[in-house]
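Contents: one structure, followed by commentary.
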Amino acid sequence: MLDDQISTIHGVGQTIGRRLNDLGISTIRDLLFYFPWRYDNFGASVPMAGLQVGQTINVSGQVELIQSKKSHRRRMNITEALVSDDSGSIRVIWFNQPFIGKSLHAGDQISLAGRVQEDMAGLVLSSPMYEKISAGRTLHTQGLVPNYHLTAGITHKQLRYLLSQVLPLAKEVPDFVPPEIIKTYQLWPLDRAIGKIHFPESQAEIDQAKRRLSFNELFLLQLNAQLVSRNLAAAVAQPIQFDEALTKSFVQSLPFTLTDDQKKAVWVALGDLAKDKPMTRMLEGDVGSGKTMVAAILAINVAVNNYQTALMAPTAILARQHFLGLSKILAPLKISTALLISGQTLHCHPGVCRDPVKISRPKLLAKIKDGEIALVLGTHALISEDVEFKNLVLAIVDEQHRFGVRQRQALLNKAGNGLTPHLLSMTATPIPRSLALALYGDLHISIIKQKPASRLKIITEIVSDNERARVYAFVRAQIAAGRQAFVVCPLIDESDQLGIKSVKAEYERLKQFIFGDLSIGLLHGKLKAKDKDQVMQDFLDRKYQILLATAVIEVGVDVPNATVMLIENAERFGLAQLHQYRGRVGRDIHQSYCFLLTDASAGPSRQRLQAMLEFDDGFALAKADLQFRGPGEVYGVAQKGFPELKLANLFDLALMKQAKDAAAGLLGRDATLNLWPVLAQEASRLAQEAHLE
Ligand code: ADP
Ligand code: MG
């Protein structure tokens with residue numbers, strides 16, 4: 001039943017089914033676990049007699065009259081009704097919702113929620129939420145009413161209705177938390193928590209339901225992490241002697257001086273490498289803070305010891321950029337490098353690295369297997385089955401949040417020498433220590449806070465729609481000066497109901513009306529990976545002056561010549577993400593600019609954007625962002641092969657500790673989990689899922 005497709009629910013046709021799929025809901029279980037992100041509190045019904053202007057209220061009563069008409073002057077459809085209860089009556093008006101006139105009839109008992117206003121004819125409820133009262137029950141207009149993240153074509157009403165239908169099935173959701181833990185930590189029964197998270201009667205019920213469901217998430221997270229640490233504790237790595245003279249002369253040969261934070265990160269990691277326990281270190285540093293150089297210095301030390309390093313990046317273009325950059329600086333040290341991405345392999349002989357040579361994939365694989373290549377850069381092509389190393393001692397994962405745990409694990413399994421490689425993961429997303437520990441078990445963190453001294457601060461501005469012309473003129477002037485610009489739009493769909501700019505429509509608009517004389521590239525998520533790469537490469541090669549893109553550009557590619565980042569509907573993005581976009585510019589000597597376009601004139605959206613002007617470090621912004629969005633979204637861990645974090649607040653340290661203790665207690669009794677079959681099953685289901693990603 002739980003795993004039945006949602007289309008089996010009464011009232012879900014093909015169209016609705018597809019839209020629910022867009023929300024990630026394909027089964028009844030998914031629907032039950034599609035939690036609200038906030039609640040409206042409409043309170044209980046109040047008598048109509050005492051209503052006052054400005055109140056947000058709920059009333060219920062009988063429809064006395066209802067009619068729809070077209071107002072020609074204002075070109076809209078108006079539905080007017082008179083609704084009364086024992087104490088009095090109220091006028092109600094809905095605009096452009098003609099179906100209401102058809103679905104409500106005189107005599108119906110209805111419940112209404114909204115704000116009391118006043119017009120020339122007296123008090124009125126304007127476009128309130130409404131529902132018919134059936135069997136004395138309401139779902140949408142009284143008490144605490146859940147709000148969900150929606151997609152075009154799905155309404156709150158539909159979602160709440162569907163949920164009310166399937167809720168009895170919550171009883172059948174197997175509870176993987178063993179009963180003794182439920183008792184020890186006084187957790188609510190699972191079915192009750194699921195029921196109340198959707199339809200609570202009080203804030204206290206919301207709190208308890210959240211506590212239980214968050215506990216489940218954190219418990220699995222902890223269990224997973226502790227299993228990983230247990231494995232690591234037993235692992236052995238190849239120790240690497242650090243070559244001080246070489247490292248120093250290399251650092252001196254660079255055209256810049258390393259920042260103190262870079263030096264410290266290098267120093268500490270070299271210390272880790274000297275041990276026979278595998279390093280598990282995460283290097284956190286804001287965009288442009290120079291993480292790659294830290295990785296390079298470690299790779300050099302591994303190479304001079306005749307061992308191999310692999311650096312895995314999430315996109316081909318990024319891998320190529322790393323390859324071109326690193327092969328150039330490593331060639332004088334006679335360190336051979338290679339690029340392995342699907343469809344293309346390049347190899348750079350030591351010392352002759354002006355132009356890397358193309359070689360066939362089988363030839364390159366043979367060289368990697370022989371240990372002839374000291375540093376292999378690539379995408380997840382690196383973890384394909386046929387790639388074998390002779391002696392992979394250091395695994396580096398760039399933009400680590402883009403990879404799943406299992407993908408990292410797959411790279412670590414490539415050692416080829418029976419040992420476990422040292423692992424350095426790099427990220428611009430500031431993951432707090434408590435979270436990192438929870439996610440990865442045992443993990444050390446290095447943070448690069450300083451930016452290279454030469455960097456200019458990016459000038460950021462929030463811009464309203466009516467200032468567009470000025471911004472476009474500015475973009476033009478930058479381009480006339482030889483620079484390039486990014487324009488970022490949210491979403492690609494044409495469904496513009498929410499005022500979201502479709503990137504394709506925007507492309508046409510820019511081409512026709514704004515920058516007709518300039519060349520514009522278009523990059524969106526529906527392009528094939530190869531085509532995305534090509535567009536990006538063309539932009540790098542200055543074939544385009546403007547690159548219009550959806551969310552896909554966020555990851556660490558360097559376009560030094562780009563100086564403008566213009567973001568449409570900026571309020572639709574998270575702060576951490578906006579900061580990533582902003583980090584795409586200002587990577588060279590030119591002063592760079594970031595424009596945040598928004599219609600949000602005031603209120604929380606605008607306030608949130610304000611933080612972009614205040615802070616230019618990703619750590620502060622991620623923190624600010626947490627107030628507005630879930631941790632899974634902010635840290636990008638939600639869908640990456642971790643147990644999902646839908647509700648859990650990673651900064652709820654008390655609950656985190658309880659989950660940790662609970663997991664440790666179980667593993668202490670039986671690390672195979674055989675004693676708890678449902679839990680064992682859930683754990684292996686997660687492992688399976690992560691594997692298929
Ligand atoms: P990220 O941390 O975002 O991965 P990169 O490693 O790509 O940053 O570095 C961004 C740019 O800064 C590169 O062109 C790199 O060569 C340069 N860079 C790195 N360290 C320094 C430094 N200490 N001073 C000046 N430039 C640096
Ligand atoms: Mg980087």
Side-chain angles (χ1 to χ4, degrees), residues 247-248 250-267 269 281-300 309-332 337 339 375 377-379 396-403 424-431 445-458 486 536 540 553-563 565 576-590 592 594 616-619 621-622 636:
T247 305
K248 280 199 170 140
F250 171 74
V251 168
Q252 265 155 21
S253 75
L254 292 172
F256 44 74
T257 38
L258 293 184
T259 62
D260 287 345
D261 284 351
Q262 279 174 311
K263 284 186 199 154
K264 211 166 122 195
V266 167
W267 184 251
R281 181 165 293 278
M282 173 137 69
L283 182 59
E284 295 184 10
D286 213 345
V287 279
S289 61
K291 298 183 287 291
T292 316
M293 201 45 72
V294 175
I297 295 172
L298 300 188
I300 290 172
T309 298
L311 191 160
M312 182 161 73
T315 63
I317 179 126
L318 192 55
R320 191 182 304 117
Q321 198 161 65
H322 281 321
F323 170 72
L324 295 176
L326 292 179
S327 58
K328 210 178 292 162
I329 60 173
L330 297 189
T337 49
L339 174 70
L375 172 60
L377 303 112
T379 53
I396 302 172
V397 179
D398 192 21
E399 308 289 347
Q400 66 85 30
H401 63 281
R402 300 277 303 242
F403 292 99
L424 179 76
S425 42
M426 307 196 286
T427 182
T429 310
I431 300 184
I445 298 180
S446 293
I447 299 181
I448 304 184
K449 278 228 169 86
Q450 296 160 314
K451 296 249 166 99
S454 53
R455 257 342 114 60
L456 289 169
K457 193 174 163 185
I458 298 162
F486 288 102
M536 204 62 213
L540 262 170
I553 52 153
E554 81 188 278
V555 131
V557 179
D558 226 350
V559 186
N561 190 49
T563 54
M565 170 60 65
Q577 203 178 1
L578 288 174
H579 183 63
Q580 287 282 320
Y581 293 147
R582 179 165 63 181
R584 297 300 101 226
V585 297
R587 296 173 77 90
D588 203 357
I589 49 168
H590 313 292
S592 294
C594 175
D616 70 343
D617 94 87
F619 287 67
L621 285 167

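Atoms within a ligand are numbered from 1 in the order they appear, just like the ligands themselves. Quick caveat, the model's predicted, so the values are computed rather than measured. Quick note: residue numbers are just sequence positions, from 1.
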Quiz item: Say you draw a straight line from CD of Gln262 to CE of Met293; how long is it, rounded to the nearest 0.5 Å?
Solution: 7.5 Å

Practice problem: Report the part of Thr257 (side chain from C-beta onward, or backbone N, CA, C, O) that has a heavy atom under 4.0 Å from ligand 1; answer both or neither where that applies. | Solution: backbone

Exercise. Only counting residues at least two apart or in another chain, list the ones meeting side chain to side chain donor-acceptor pair (under 3.5 Å) with Glu284.
Key: none

Quiz item: Should Ser289 be listed as contacting ligand 1, given a heavy-atom distance under 4.0 Å as the test?
Solution: yes

Exercise. Under 4.0 Å, heavy atoms only, figure out whether ligand 1 is touched by the backbone of Met426, its side chain, both or neither.
Key: neither

Quiz item: Purely on distance, is any nitrogen or oxygen of Gly288 under 3.5 Å from one on ligand 1?
Solution: yes

Practice problem: Give the atoms of ligand 1, by number and element, whose distance to some non-hydrogen atom of Pro452 is under 4.0 Å. | Solution: 21 (C), 22 (C), 24 (N), 25 (C), 26 (N), 27 (C)

Quiz item: Would one find an N or O of Phe256, backbone or side chain, under 3.5 Å from an N or O of ligand 1?
Solution: no

Self-check item: From the candidates Glu284, Lys291, His322, Lys263, the one that places a heavy atom nearest atom 1 (P) of ligand 1
Solution: Lys291

Exercise. Mind checking the CG-OG1 spacing from Leu311 to Thr309? Nearest 0.5 Å is all I need.
Key: 8.5 Å

Self-check item: Heavy-atom nearest option to atom 20 (N) of ligand 1, drawn from Met293, Gln262, Glu399
Solution: Gln262

Quiz item: Residues in side chain to side chain contact (heavy atoms under 4.5 Å, CB included) with Lys263, at least two apart?
Solution: Leu258, Asp260

Self-check item: Atom indices of ligand 1, in the order listed, that fall short of 4.0 Å to a heavy atom of Thr292
Solution: 4 (O), 5 (P), 6 (O), 7 (O)

Quiz item: What heavy-atom pair brings Asp616 and Arg582 nearest, and what distance separates the two atoms?
Solution: CA-NH2, 3.7 Å

Quiz item: Rounded to the nearest 0.5 Å, how far does SG of Cys594 lie from NE2 of His579?
Solution: 10.5 Å

Self-check item: For Asp398 against His322, the heavy-atom pair lying closest together
Solution: OD2-NE2, 2.7 Å

